[in-house]
There are 2 protein chains.
Amino acid sequence: MTISTNDKRWHKEQLYSLFSQIANAMANPHRLELMDLLAQAPRTVEALANEAQMSVANTSQHLQRLKQARLVLDEREGVYIRYRLAAPSVAGLWLNLREVAAGQLAEVEQALNAYRSQLHEFEQISADVLLTRLRQNEVVLLDVRPTVEYEAGHLPEAVSIPIDELEHRLAELPPDKTIVAYCRGPYCVYADEAMELLAAQGWPVARLEEGVWEWQQAGYAL
Amino acid sequence: MTISTNDKRWHKEQLYSLFSQIANAMANPHRLELMDLLAQAPRTVEALANEAQMSVANTSQHLQRLKQARLVLDEREGVYIRYRLAAPSVAGLWLNLREVAAGQLAEVEQALNAYRSQLHEFEQISADVLLTRLRQNEVVLLDVRPTVEYEAGHLPEAVSIPIDELEHRLAELPPDKTIVAYCRGPYCVYADEAMELLAAQGWPVARLEEGVWEWQQAGYAL
DNA sequence: ATTATATTCAATAAATCTATTGAATTCTTG
DNA sequence: CAAGAATTCAATAGATTTATTGAATATAAT
């Protein structure tokens, strides 16, 4: 065992240490929720704290750990500091993690069924079918995420009515067409809530399970 | 704030908790090294402990954490217990993590340059060029990983000579051809060591940076 | 300058993670 | 069934992580 061999070991351990720093930054449910929110749109600390229902100080500390791992960037904007994902590949890694969790942990499906109690109640529509039916002017695509998220990027031809405002803005939707709702992706309930509301008013409804990232990753354009 | 709203929150937190369990399992340098070894080939606890230079008890505990997160499976085989990655997607996640780390943390490149001191000393060859030159019988593709790893899966037409045995088995290599060495991928030094040895004996050498997983992921067959 | 507001810092206690040690299990083999 | 070997368990101390507080900092507005 020469000195250079031990040296090599040390360098190897350095590398694995660096790799684990990324996993470490993601190894907390709150930080994953923050990443998920930032994958939809950049936001201030306060906005993130509100969405994730945690204290501002706690949110700030978690954001700083993500920043240390270079998973997010911050930028001052007047009184506020706006955080964003550091790169598209970061969102990709988060989606990948979620997918592996769903594949390996049976508990994920159970938890999802409990969270999205209406998961099997309404029709789902695939991206392909959606596109052809959009082209034939048969459906309206409805984005029910908060406005900032819509503005940060949305599906082609999507109309924005945040879930909170939907009840008061039903008049904006054509009464004769099928409404296809989508939100942040398969782990988001907003589109389910929208469909429930719309179906009660007589609309034919369907849901696109994909969110903006999944849509993009499947090779479709925005 | 109704009871059902709090309920939804609770379910959402359950989901993020599950996702973070996967990240948590990966959030340790030793466990990542174990995953990397298992991505090359299934192995017993003892074999893993030797390769990763850690105690058997410690290795066992880390493996059990990976097992709890369903990232690895174990199977008794006589006196031994053999561990393997639970699914191909697990290897994909590990590669993805490593890639993001390389992209986001500048320290990774520094550490890699220190670890692979001969990184820029020898010629690199791309998968495409390798395939055409193999077809034209101009090169020999040499797999210098341990035998178990070669047997678990290797590149087409690759010859196996583990790096430890290379010095004594030089006669098996054709003296007139270029030797293209590969090992576990861009974070492995075996192929560099092989090239150094072969070049000193007069062989023209080159390295394929890809390992078996990267090769497969790029769409090539085994 | 002073005030107000958004964010971060610092300090703390409770909880979790890690490597080490030696003993306990669980197989196979004779 | 007894011996031997591979693996796991249990207990421990030291290190790290977390949420919570209240104070400190930095910028915008007055």
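The sequence lines fix the lettering, A, B, ..., with proteins before strands; numbering per chain opens at 1.
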Using OP1 and OP2 only, check whether a side-chain N or O of Tyr83(B) sits under 4.0 Å from dT8(D).
yes
Of the nucleotides dT8(D), dT20(C), dT18(D), which one has an atom closest to the side chain of Arg65(A)?
dT18(D)
Using a cut-off of 4.0 Å on non-hydrogen atoms, how would the nucleic acid contact of Thr59(B) be classed: base, sugar-phosphate, or nothing?
nothing
Please check the phosphate of dA19(C) (OP1 and OP2 only) for any side-chain N or O of His30(B) closer than 4.0 Å.
yes
Five pairs per end, C1' atoms only: what is the angle between the end axes of the helix from dA1(C)-dT30(D) to dG30(C)-dC1(D), to 10 degrees?
30°
Return yes if a side-chain donor-acceptor contact under 3.5 Å exists between Tyr16(A) and Asp36(B), otherwise no.
yes
When you check the gap from the basic side-chain N to the acidic O, do Glu193(A) and Lys8(B) get nearer than 4.0 Å?
no
Does Asn28(A) make a side-chain N or O approach to OP1 or OP2 of dT18(D) shorter than 4.0 Å?
yes
Need to verify one output field. Residue with the more 5' nearest nucleotide on DNA chain D, Ala27(A) or Ala57(B)?
Ala57(B)
Compare the minimum distances between each of dA19(D), dT7(D), dC9(C) and the side chain of His62(A), then state the nucleotide with the smallest one.
dA19(D)
For DNA chain D, which residues in residues 74-82 of chain B have a heavy atom at a distance below 4.0 Å?
Val79(B), Tyr80(B), Ile81(B)
Do the side-chain N or O atoms of Ser55(B) get closer than 4.0 angstrom to the phosphate oxygens (OP1, OP2) of dA19(C)?
no
For residues Ser60(A) and Gln64(A), is any side-chain donor paired with an opposing acceptor at under 3.5 Å?
yes
Can you measure from CZ (Phe122(B)) to CD (Glu196(B)) and round to the nearest 0.5 angstrom?
6.0 Å
Looking at Gln40(A), Glu210(A), Glu149(A), which one forms a side chain to side chain donor-acceptor pair (under 3.5 Å) with Arg184(A)?
Glu149(A)
Do Arg76(A) side-chain atoms and Gly78(A) backbone N/O form a donor-acceptor pair below 3.5 Å?
yes
